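Heads up, the thing below is written out as structure tokens.
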Protein chains: 2
Amino acid sequence: MKPPRPPLGPPKARFVSASDVARLAGVSRSAVSRAFTPGAQVSEQARARILAAAEELGYRVNRLARTLHQERSDLVGVVGGNFSNPYISAQLDALSKALHARRLQCLLMNSACGVAEDLKRLLDYRVRTVVLLSGAVPDTLIRLCAQNGARMVLINRPRPPEGARADLILAGNARGGRLAAERLAQAGCRNVAVVISGSRTSAKLERAEAFCSEMSLRGMPVTRWADGPNSYETGVEAARSLLREPGLDGIFGVTDEIALGVLNTARFELGLRVPEDLSVIGFDDAPISGWSSHALTTVSQSLADLTRATMEAIALPPEAAPMLYEVPVRLVERGSVRAPLSPGTD
Amino acid sequence: MKPPRPPLGPPKARFVSASDVARLAGVSRSAVSRAFTPGAQVSEQARARILAAAEELGYRVNRLARTLHQERSDLVGVVGGNFSNPYISAQLDALSKALHARRLQCLLMNSACGVAEDLKRLLDYRVRTVVLLSGAVPDTLIRLCAQNGARMVLINRPRPPEGARADLILAGNARGGRLAAERLAQAGCRNVAVVISGSRTSAKLERAEAFCSEMSLRGMPVTRWADGPNSYETGVEAARSLLREPGLDGIFGVTDEIALGVLNTARFELGLRVPEDLSVIGFDDAPISGWSSHALTTVSQSLADLTRATMEAIALPPEAAPMLYEVPVRLVERGSVRAPLSPGTD
DNA sequence: GGCAACGCTGCACAGCTGTGCAGCCCGGCA
DNA sequence: TGCCGGGCTGCACAGCTGTGCAGCGTTGCC
């Protein structure tokens with residue numbers, strides 16, 4: 001049995017509640033609640049007294065308790081696998097700003113360390129929406145969200161099984177893969193490779209597949225390298241292995257981070273000239289790809305578009321039909337692919 | 001007046017509650033609560049029925065409601081200014097993993113878009129601790145945390161005013177600044193500059209001050225550049241301005257991101273050779289600084305140490321005395337500073 | 001002066017969970 | 001058979017907020 005809380009005692013490692021404020025202001029607790037509810041009926045004089053007392057005590061409305069009443073909470077669960085990845089972190093930065101602007105709160109979870117089971121913990125906090133930036137999509141989580149009326153937004157994730165409702169936001173992965181292939185072909189490459197991570201996310205697979213089929217249309221075989229996580233080191237390993245013997249003259253990294261690993265290893269470890277000896281092309285257009293130290297030619301998926309679409313999905317009411325949005329892609333020409341041989345060839 | 005919830009109706013955009021589970025399992029709501037409380041008294045048979053019902057409905061304990069009862073919540077507020085910054089994002093990645101391992105949840109806030117007032121919103125969610133990775137520390141927030149028994153962890157932030165309790169985790173900023181100065185002096189630099197961002201965070205100022213005073217001990221004047229945010233572009237601008245006229249032979253960027261902007265601009269835009277014509281040294285040791293495209297010599301503050309200390313502070317009980325920890329720094333030698341002239345000079 | 005209307009206030013309940021306490025049932029023992 | 005103890009169970013309350021409703025006082029109008 002806890003002792004009753006001392007009236008107006010010193011703050012003792014405990015959050016200030018509306019009752020504390022009511023006691024100090026000499027009103028009922030309801031009045032305190034109304035003073036913090038826009039449009040509620042309180043006399044101007046009472047409100048002033050209450051706000052002064054709240055200020056003095058350092059009171060803040062308990063949104064956890066408030067959420068018990070509301071239809072939906074203000075919490076949005078955001079799941080990502082590797083926040084130090086340059087594109088993921090740029091996404092997170094943009095998303096957290098956008099959420100803030102809509103007065104939503106971002107509950108972050110790093111899926112790198114957790115099995116699927118851990119993701120369910122987000123639901124314990126009554127998140128209104130779960131946004132998946134990377135990592136696998138466990139079916140059980142989709143089902144759980146549906147049962148609890150929470151929406152799910154999948155960004156560049158595989159399409160969920162039939163009947164599972166989720167908002168899908170996809171980069172033009174296939175189109176981007178074809179763009180990359182076309183560009184390497186224009187550069188006169190005859191012997192190309194594609195580098196994928198071992199964790200075969202569908203988005204990356206789609207990019208690789210489209211690249212390969214576009215190349216095979218042109219009668220060019222493609223060497224496939226698939227191993228390791230989606231990281232810079234994967235690109236390094238791939239370059240070491242693929243470029244050990246001379247011959248390759250073009251590489252497509254399905255992610256900028258991978259492509260940068262390839263690019264740097266080719267240039268600084270293997271002494272190849274890029275783009276003269278080897279053309280390298282990436283996908284994402286992470287901020288650092290534009291740095292003059294890299295000047296990576298890449299397929300850009302607009303971060304602004306992607307964030308806007310994500311916020312649209314988040315704003316949807318619980319029962320709205322699932323949304324499908326494809327982020328447009330375009331080729332960003334920098335310096336890591338040789339200039340087209342003859343401009344008109346296409 | 002809301003209509004009463006239909007008994008066992010289809011899930012209708014609403015979170016499943018313990019009552020729903022109780023109804024389906026044919027027990028009282030208390031029994032459901034006990035089934036999810038380790039060590040509570042429930043018969044094995046009832047527990048099995050309850051868990052089955054919970055599984056069928058997709059029930060998850062509402063941690064928001066549970067928090068109303070508990071002494072402290074599981075929520076940790078994390079504030080950062082720019083998550084696409086390579087060092088901040090590495091910090092966030094490590095911190096979110098560590099929090100996950102301790103079963104704490106990370107409530108993220110991007111301070112880039114918000115004034116101090118917005119940070120108070122974290123308290124609305126009853127966070128047990130607020131961690132500041134970057135951005136200014138409003139005094140009002142410190143006071144608010146103290147009044148509500150929430151701890152505060154400041155990472156590389158200015159020491160709060162007298163009487164304000166907060167855990168401080170500091171890199172060896174002064175020591176690092178001296179290390180940078182010593183190293184440039186060893187390289188034989190005669191005319192050096194330091195680049196700080198305009199948002200004068202104390203950590204960055206300390207680094208710069210120590211650098212300058214160490215240089216003045218050696219009779220070397222230092223050009224100071226201070227403008228713009230803490231970003232790559234700031235380094236670019238600084239390099240353009242500082243290196244317009246020849247003469248400078250060493251630059252210290254108080255942040256790796258700034259130093260990389262300087263490095264790349266010097267190399268690729270201004271055609272200078274680094275380190276032959278210009279030595280560049282940074283601070284932080286962000287992952288990308290080690291990439292062969294940069295090979296930035298820098299002062300490293302160990303991310304593992306920093307994260308460990310942060311987690312220690314977070315684990316402290318509310319009433320524990322403030323903690324002070326200095327993260328050790330060391331020079332990481334790569335290729336952006338000229339080799340020492342004569343090894344014994346020091 | 002009397003009555004109606006209106007603005008403000010507090011009560012009480014809902015929303016969801018954890019838990020002390022009393023009561024129930026069942027089994028064991030004399 | 002009667003009594004006691006122990007294991008479960010449900011009740012009721014606490015924890016914090018939002019809000020419908022009734023009541024109170026005041027004001028304005030006739």
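Below, all heavy atoms of this structure are taken into account, side chains as well, without hydrogens, waters or symmetry copies. Each chain gets a letter, A, B and so on, in the order its sequence line appears, and its residues count up from 1. Because the structure is a prediction, the values reported are computed rather than measured.
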Rounded distance in Å - [atom1] ([X]) to [atom2] ([N]):
X	N	atom1	atom2	result
Leu68(A)	dA14(C)	CG	P	14 Å
Arg60(B)	dC16(C)	CZ	C1'	16 Å
Phe36(B)	dT19(C)	CZ	P	15 Å
Asp124(A)	dT17(C)	CG	P	10 Å
Arg14(A)	dA14(D)	CZ	P	13 Å

Just checking, is any N or O donor in the side chain of Asn230(A) or Asn82(A) under 3.5 Å from an acceptor N or O on the other one?
no
Is a donor from one side chain sitting under 3.5 angstrom from an acceptor on the other, for Asn110(A) and Asp93(B)?
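Judged by distance alone, the side chains do pair up.
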Looking only at the side chain of [X] (C-beta and beyond, no hydrogens), which of the listed nucleotides [options] gets closest?
X	options	result
His69(B)	dG15(D), dT9(C), dC16(D)	dG15(D)
Arg126(A)	dT17(C), dT17(D), dG10(D)	dT17(C)
Thr37(B)	dC16(C), dT9(D), dT19(C)	dT19(C)
Gln41(A)	dT9(C), dT17(C), dG15(C)	dT9(C)

Assign each of Ser28(B) and Val61(A) to its nearest nucleotide of DNA chain D by heavy atoms, then name whichever residue's nucleotide is nearer the 5' end.
Ser28(B)
If you assign each of Ala31(B) and Arg66(B) to its closest nucleotide in DNA chain D, which residue comes earlier from the 5' end?
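Closer to the 5' end of DNA chain D: Ala31(B).
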Is the shortest side-chain N/O distance from Ser30(A) to OP1 or OP2 of dG18(D) below 4.0 Å?
no
Does dT17(D) have OP1 or OP2 under 4.0 Å away from a side-chain N or O of Tyr59(A)?
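Looking at the OP1 and OP2 atoms of dT17(D), one of them is under 4.0 Å from a side-chain N or O of Tyr59(A).
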State whether Asp124(A) and Arg121(A) are salt-bridged, where the test is any N-O pair (Lys NZ or Arg NE/NH1/NH2 against Asp/Glu carboxylate O) under 4.0 Å.
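No, Asp124(A) and Arg121(A) are not salt-bridged.
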Sidechain N-carboxylate O distance under 4.0 Å for Arg103(A), Asp74(A):
no
Any side-chain heavy-atom pair of Leu107(B) and Val78(B) under 4.5 Å:
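Contact flag for Leu107(B)/Val78(B) side chains = no.
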If you define the side chain from C-beta out and look only at heavy atoms, does anything of Leu306(B) sit under 4.5 Å from Ile155(B)?
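In short, these two side chains touch, coming nearer than 4.5 Å.
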Let me know, please, whether Glu44(A) or Arg29(A) comes out on the 5' side of the other along DNA chain C by nearest nucleotide.
Glu44(A)
Mark yes or no for whether Arg165(B), through its side chain, and Ala320(B), through its backbone, hold a donor-acceptor pair below 3.5 Å.
yes
Answer with yes or no after comparing the ring centroid distance for Tyr59(B) and Phe15(B) against a 6.0 Å cut-off, counting only values under it.
no
Taking atom types as they are modelled, is there a donor-acceptor pair under 3.5 Å from the base of dG10(D) to the side chain of Arg34(B)?
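Between dG10(D) and Arg34(B), which were checked side chain against base, a qualifying N/O pair under 3.5 Å is present.
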Mind checking if [X] touches a base, just sugar-phosphate, or nothing, with heavy atoms under 4.0 Å?
X	result
Ser33(A)	base
Thr67(B)	nothing
Val32(A)	nothing
Arg63(A)	nothing
Ala40(A)	nothing

Using the C1' atoms of the five pairs at each end, what is the angle between the end axes of the helix from dG1(C)-dC30(D) to dA30(C)-dT1(D), to 10°?
60°
